[in-house]
Amino acid sequence: MNRKLKMGMVGGGQDAFIGAIHRLAANMDGLIELSCGALSIKPETAIASGKALFLPESRTYLTYEEMFKAEKALPINERMDFVTIVTPNFAHFAPAMMALDYGFNVVIEKPITFSLEEAKLLEQKIKETGLILCLTHTYSGYPMVKQAKAMVREGKLGKIRKVWVEYPQGWLSKLSEREGNAQAAWRTDPTKAGKSSVMGDIGTHAAHLAEYITGSKITDVCAELNTLVEGRVMDDDGAVMLKFDNGAKGVLMASQVAAGEENALRIRVYGEKGGIEWLQHDPNTLIVRWLDEPAQILRAGSNYAHLSSFATHNCRTPGGHPEGYLEAFANIYRNFALTIGCKLDGNEPTPEMLDFPSVEDGLRGMAFIDTVVVSAHSDKKWTPYVL
């Protein structure tokens, strides 16, 4: 690839949080540049955001429809190569489908769509077009998460038996959606968030991490959903027992009313020979516990030969230099960009490059939400995965 990839963005203007995160991550490796955007549904915000990001006035659009049509009309070496969609859940599907129809690859914030039905249509569109969709399940971008996955894949832990994954937050411990908090407002509104607030927002991250590390698929759930803050219209807490297709059993907890917690995502996976533990608050560390040997502490670092190629491919610095959330996010963008670059050059991307969440992960995330909601309202102990 002899140039940077050109990125467009839908949403993510001055009044948004996640858009800035995406731009920082996309920019980190020098492979991508923001070229255009439809950055807000508010015209004044869209224009002001474009100016703040030094976008040309001619490529600061007021709607995504206008952007896709105008960009498609540009010469191929000038138009955007892909679009990143960072709108609330209910506004993912339409721009993603239109982008694919116009021939643009897509990066999309999770969950992939508002409903499982939309996710299936998006999957079908990807198959029809042959284009690439990347879903930003950020936590799979951490090097030591990739190391954990490699150890499971290589059989070092033996047959996997048990998975514990938890994601406690405390930021919705008050009725923040009625106190002017825009992030809380749409996440707790069923017309914007979807069928579940807590499982759509963070439960999908936990479920994806469990499937990503183990390489196994969830087949059945037994779930409960709770609304613990009085006056809230959607769930803010939940717990799920899991069955996996390899026979393993699991427990998943997600809560946004664990007062005092920040983003304490944690996973433990146990096999016949040992287990691993990873915590997002200390992301450079992977604890490995063996059945008949002392425990090990593995650390991230590009100079560590004992790490898998998937881990070192996503390490940016020698050991001892902390890499965190933004770097993990950037790893997803880099792998996506390298894959697109290979496609443009007619080359085959490596397995390490292809290691980013796809439309299939998005589809399974929506199925997870639907299955948990069905289970939570059912008298049956177990509910098969809805796909």
Side-chain angles (χ1 to χ4, degrees), residues 7-13 15-23 25-26 36-42 46 61 63-68 71 80 82-129 131-138 140 182-205 207-208 234 329 332-333 336 356-370 373 387:
M7 178 175 81
M9 181 168 277
V10 176
D15 55 350
F17 151 71
I18 200 65
I21 301 296
H22 278 261
R23 290 190 293 270
C36 59
L39 300 168
S40 176
I41 58 172
K42 302 173 184 175
Y61 303 100
T63 68
Y64 67 81
E65 295 95 336
E66 176 191 6
M67 181 170 76
F68 295 156
E71 290 293 314
M80 69 178 183
F82 72 94
V83 63
T84 291
I85 299 168
V86 288
T87 51
N89 302 358
F90 73 98
H92 286 182
F93 176 71
M97 286 290 279
M98 186 174 180
L100 294 168
D101 278 331
Y102 274 73
F104 298 116
N105 299 292
V106 174
V107 175
I108 193 165
E109 182 59 29
K110 47 67 45 200
I112 192 167
T113 51
F114 183 75
S115 69
L116 178 59
E117 291 71 27
E118 288 180 346
K120 289 179 178 179
L121 291 172
L122 206 52
E123 182 192 41
Q124 183 60 39
K125 181 64 69 173
I126 290 291
K127 291 178 180 177
E128 291 172 2
T129 61
L131 294 166
I132 298 173
L133 185 146
C134 171
L135 185 69
T136 53
H137 269 301
T138 315
S140 63
Q183 295 293 325
W186 76 258
R187 282 178 168 84
T188 57
D189 181 347
T191 67
K192 294 180 171 63
K195 292 184 178 181
S196 170
S197 176
V198 69
M199 289 301 164
D201 199 23
I202 60 175
T204 48
H205 274 310
H208 178 260
M234 291 193 76
F329 221 120
I332 291 175
Y333 265 101
F336 170 76
F356 58 85
S358 68
V359 68
E360 180 186 355
D361 298 283
L363 182 65
R364 290 196 61 79
M366 296 311 301
F368 172 76
I369 296 168
D370 270 25
V373 171
L387 263 177

(Q) Any salt bridge linking E128 with K125? Criterion: basic side-chain nitrogen under 4.0 Å from a carboxylate oxygen. (A) yes
Q) Using a distance-only test with no angle check, is there a side-chain donor-acceptor pair under 3.5 angstrom linking Y102 and E71? A) no
(Q) Tell me if the CD atom of E66 is crowded by more than 12 foreign heavy atoms within 6.0 Å. (A)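 Yes, the 6.0 Å shell around CD holds more than 12 heavy atoms from other groups.
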Q) Can you tell me if CD1 on I18 sees more than 12 non-hydrogen neighbours from other groups inside 6.0 Å? A) yes
Would you check if the side chain of [X] reaches a backbone N or O of [Y] as a donor-acceptor pair within less than 3.5 Å?
X: N105; Y: F82; result: no
X: R23; Y: M9; result: no
X: T138; Y: F329; result: no

Enter the distance from [X]:[atom1] to [Y]:[atom2] here, rounded to the nearest 0.5 Å.
X: L100; Y: Q124; atom1: CG; atom2: CD; answer: 12.0 Å
X: T191; Y: M234; atom1: OG1; atom2: CE; answer: 9.0 Å
X: L135; Y: F356; atom1: CG; atom2: CZ; answer: 10.5 Å
X: H22; Y: F17; atom1: NE2; atom2: CZ; answer: 9.0 Å
X: E123; Y: I112; atom1: CD; atom2: CD1; answer: 8.5 Å
X: W186; Y: N89; atom1: CH2; atom2: CG; answer: 4.0 Å

Between [X] and [Y], which heavy-atom pair has the shortest distance, and what is it?
X: V86; Y: G11; result: CG2-C, 3.5 Å
X: I85; Y: A91; result: CG2-O, 4.2 Å
X: A119; Y: M366; result: CB-CG, 3.8 Å
X: V83; Y: M80; result: CB-CE, 4.0 Å
X: L116; Y: A367; result: CD1-N, 3.8 Å
X: V106; Y: A96; result: CG2-O, 4.1 Å

Q: Show the numbers, then the answer: is there a side-chain contact (heavy atoms from CB on, under 4.5 Å) between L122 and M97?
A: CA-CA 7 Å; L122 206 52; M97 286 290 279; 3.5 Å; yes
Q. Do you know which of L133, I108, L131, I132 makes side-chain contact (heavy atoms from CB on, under 4.5 Å) with V359?
A.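 Answer after filtering L133, I108, L131, I132: L133.
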Q) Is D189 close to F90 at the side-chain level, that is, under 4.5 Å between some pair of heavy atoms? A) no
Q: Classify the angle between the aromatic ring planes of Y64 and F68 as parallel (below 30°), tilted (30 to 60°) or perpendicular (above 60°).
A: tilted
Q: Only pairs at least two apart or in different chains count here, so list each salt bridge (Lys or Arg N to Asp or Glu O under 4.0 Å) that has a residue in residues 103-116.
A: K110-D201
Q.
As a quick check of understanding, evaluate side-chain contact (heavy atoms from CB on, under 4.5 Å) for H137 and T204, giving each step before the final call.
A. CA-CA 9 Å; H137 269 301; T204 48; 4.3 Å; yes
